[in-house]
Amino acid sequence: MGGCSLGDSQVMAVVNRSIALIDCNNFYVSCERVFDPSLKRKPIIILSNNDGCVIARSQEVKDFGIKMGVPWFKVQKLARYYKIIVFSSNYTLYADMSNRVMKIISEFASNQEVYSIDESFLDLTGFNHLNLTDYSQNIRSTVNRLVGMPVCVGVGSSKTLAKLANHIAKKCSLFDGVCNLNEITRNTLDVLFSEIKVGEVWGVGRRTEEKLAKLGVTTVFDLKQSSPQALRKQFSILMERTVRELNGEFCIPLEKSNPPKKQLVCSRGFGNPVSSLSELSEAIIMYTTRVAEKLRRQRSMTATVYIFIQTNPFKKKDQQYNPGCLIHLASPTNDTRILIRAVLVGLKSIYKPGFKYKKAGVMLEGLLPFNQAQKSLFDDKGSQAYSENLMQAIDTINKTMGSGTIKFLGEGLEKQWEAKAERKTRCYTTRINEIPVAYC
DNA sequence: ATCACGGTTTGCA
DNA sequence: CTAACGTGCAAACCGTGAT
């Protein structure tokens with residue numbers, strides 16, 4: 001905090017924060033467009049895993065009124081009518097593009113929180129001598145020039161306001177991609193906020209919006225004028241914070257970008273329903289392998305594994321059966337082989353023939369840092385070291401030669417159950433054999 | 001009363 | 001021809017039994 005050099009002065013100036021939220025426009029769609037510019041200005045849809053739901057849409061598709069998250073089969077005809085171009089999601093490509101974008105953004109401030117695959121907060125407090133609107137325009141053009149990714153920037157004195165500002169920047173072309181709420185007058189702000197539905201506020205979901213409506217709170221302005229104390233009683237501490245943040249109070253600090261996860265999951269629906277124990281085992285082994293890789297990447301150990309299998313809840317006529325099984329391991333591990341042994345025992349205990357299973361998953365809970373993992377009394381130091389070296393070697397080979405180069409026994413090669421991805425583009429940036437010839 | 005706990009709900013991207 | 005509906009987190013909330 002500047003201006004505090006008056007020695008014994010206890011009065012600290014309350015610095016008005018400047019938080020920016022940089023959010024990519026139609027992120028998945030924009031990733032595809034970077035590698036095929038002919039897709040620009042064309043209507044594009046990206047499908048979720050298993051080609052199940054619509055999870056990203058270009059502006060043209062939003063204008064057609066196709067909603068986020070709708071099952072693909074419900075809009076397939078409409079999509080054909082509008083000549084919409086459809087892709088399966090290519091997470092490898094999107095993750096790599098995200099890393100590039102975040103790296104560039106990180107150069108614009110010392111404190112960055114990567115909030116999601118396409119969003120990042122920056123703390124621009126202390127940059128107030130600059131024109132932050134210009135500075136934000138600079139961020140936009142730099143990201144666009146270096147990786148071809150269009151982004152919008154919202155600036156406010158709290159994370160909640162930065163989010164809201166970003167929403168405004170995206171909706172009103174008047175703002176030219178940057179909305180800085182800190183340089184808008186109080187009266188204009190009130191008008192602006194009374195035109196935005198309260199559901200747009202970060203932390204207010206569908207249920208909370210309904211509940212707020214019953215109290216007569218329907219716009220952002222209404223929520224901003226509400227009493228934080230009163231709302232805390234009816235909702236929770238989160239709602240109190242949200243109201244305070246709307247009024248410019250900085251309550252929710254920026255967090256570390258990659259805190260180790262407390263829980264790791266790998267779950268997936270099947271391309272075709274599965275009934276046999278052998279096929280379920282293959283799927284569960286593959287998910288266990290993936291989740292164990294995540295575990296080692298964040299240098300953690302786990303003492304429990306939870307597995308589940310599920311029938312299709314949308315098929316009301318089918319008999320439903322959704323069992324799960326929590327397994328406590330003798331001592332914390334990150335060894336894929338130990339985890340596989342455990343989950344197979346668990347799977348056998350819950351499996352029943354005669355059901356059409358649609359989805360399965362593996363979950364690791366109560367994770368602890370590798371160096372804190374309490375080794376069990378009878379643990380043999382030699383086998384511990386062997387296990388660590390083996391896993392490290394496998395991870396390195398799979399990382400450099402391509403994931404799946406080394407597999408664990410039982411994952412299967414046929415994989416009849418594997419999810420559908422019939423319209424996937426190439427991994428342009430991460431797989432040498434998928435780079436288009438023209439780029440070589 | 002209060003706590004720890006586990007399962008459920010909510011929200012987010 | 002028909003049927004076809006994601007994944008991965010965190011945290012609050014809430015009922016329960018134990019103390």
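Keep in mind the model is a prediction, meaning the values are calculated, not measured. Both backbone and side-chain heavy atoms feed into the values below; hydrogens, waters and symmetry mates do not. Below, read A as the first sequence line, B as the second, and so on, with proteins coming before strands; counting in each chain starts at 1.
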Tell me whether the side-chain N/O atoms of [X] come closer than 4.0 Å to OP1 or OP2 in [N].
X: A:Ser267; N: C:dG8; result: yes
X: A:Lys359; N: C:dC5; result: no
X: A:Arg268; N: C:dG8; result: yes
X: A:Ser236; N: C:dC13; result: yes

4.5 Å side-chain heavy-atom contact, A:Asn50 and A:Lys358: yes

Validation row: A:Thr302, A:Val305 side chains within 4.5 angstrom (heavy atoms): no

A:Asp335 versus A:Ser387, side-chain donor and acceptor atoms under 3.5 Å: yes

Among [options], find the nucleotide with the atom closest to the side chain of [X].
X: A:Lys315; options: C:dC9, B:dC12, C:dA4; result: C:dA4
X: A:Tyr115; options: C:dA10, B:dC12, C:dG8; result: B:dC12
X: A:Trp202; options: B:dT10, C:dA12, B:dA13; result: B:dA13

Under 4.0 Å between any heavy atoms, over every strand shown, what does [X] touch: base, sugar-phosphate, or nothing? Just pick one.
X: A:Val201; result: sugar-phosphate
X: A:Val70; result: nothing
X: A:Lys420; result: nothing
X: A:Glu119; result: sugar-phosphate
X: A:Leu238; result: sugar-phosphate
X: A:Phe235; result: sugar-phosphate
X: A:Lys211; result: nothing
X: A:Asp118; result: sugar-phosphate

Backbone of A:Pro259 reached by a side-chain donor or acceptor of A:Gln298 within 3.5 Å: no

A:Asn90 side chain to A:Thr425 backbone, donor-acceptor under 3.5 Å: yes

Residue mapping more 5' on DNA chain C - nearest nucleotide basis, A:Val291 or A:Asn312: A:Asn312

Comparing A:Lys262 and A:Met68 on DNA chain C - which has the more 5′ nearest nucleotide: A:Met68

Spacing of the P atoms in C:dC5 and B:dA13 (rounded, Å): 26 Å

Integer angstrom distance from the P of C:dG6 to that of B:dC12: 22 Å

Intra- and interstrand pairs of DNA chain C - dot-bracket, Watson-Crick/G-U under 3.5 Å, | marks other strand: ......|||||||||||||

Enclosure of A:Gln392 CD (heavy-atom neighbours >12, cutoff 6.0 Å): no

Geometric class of the A:Phe270/A:Tyr287 ring pair [parallel <30°, tilted 30-60°, perpendicular >60°]: parallel

Ring centre gap for A:Phe127 and A:Tyr135 strictly below 6.0 Å: yes

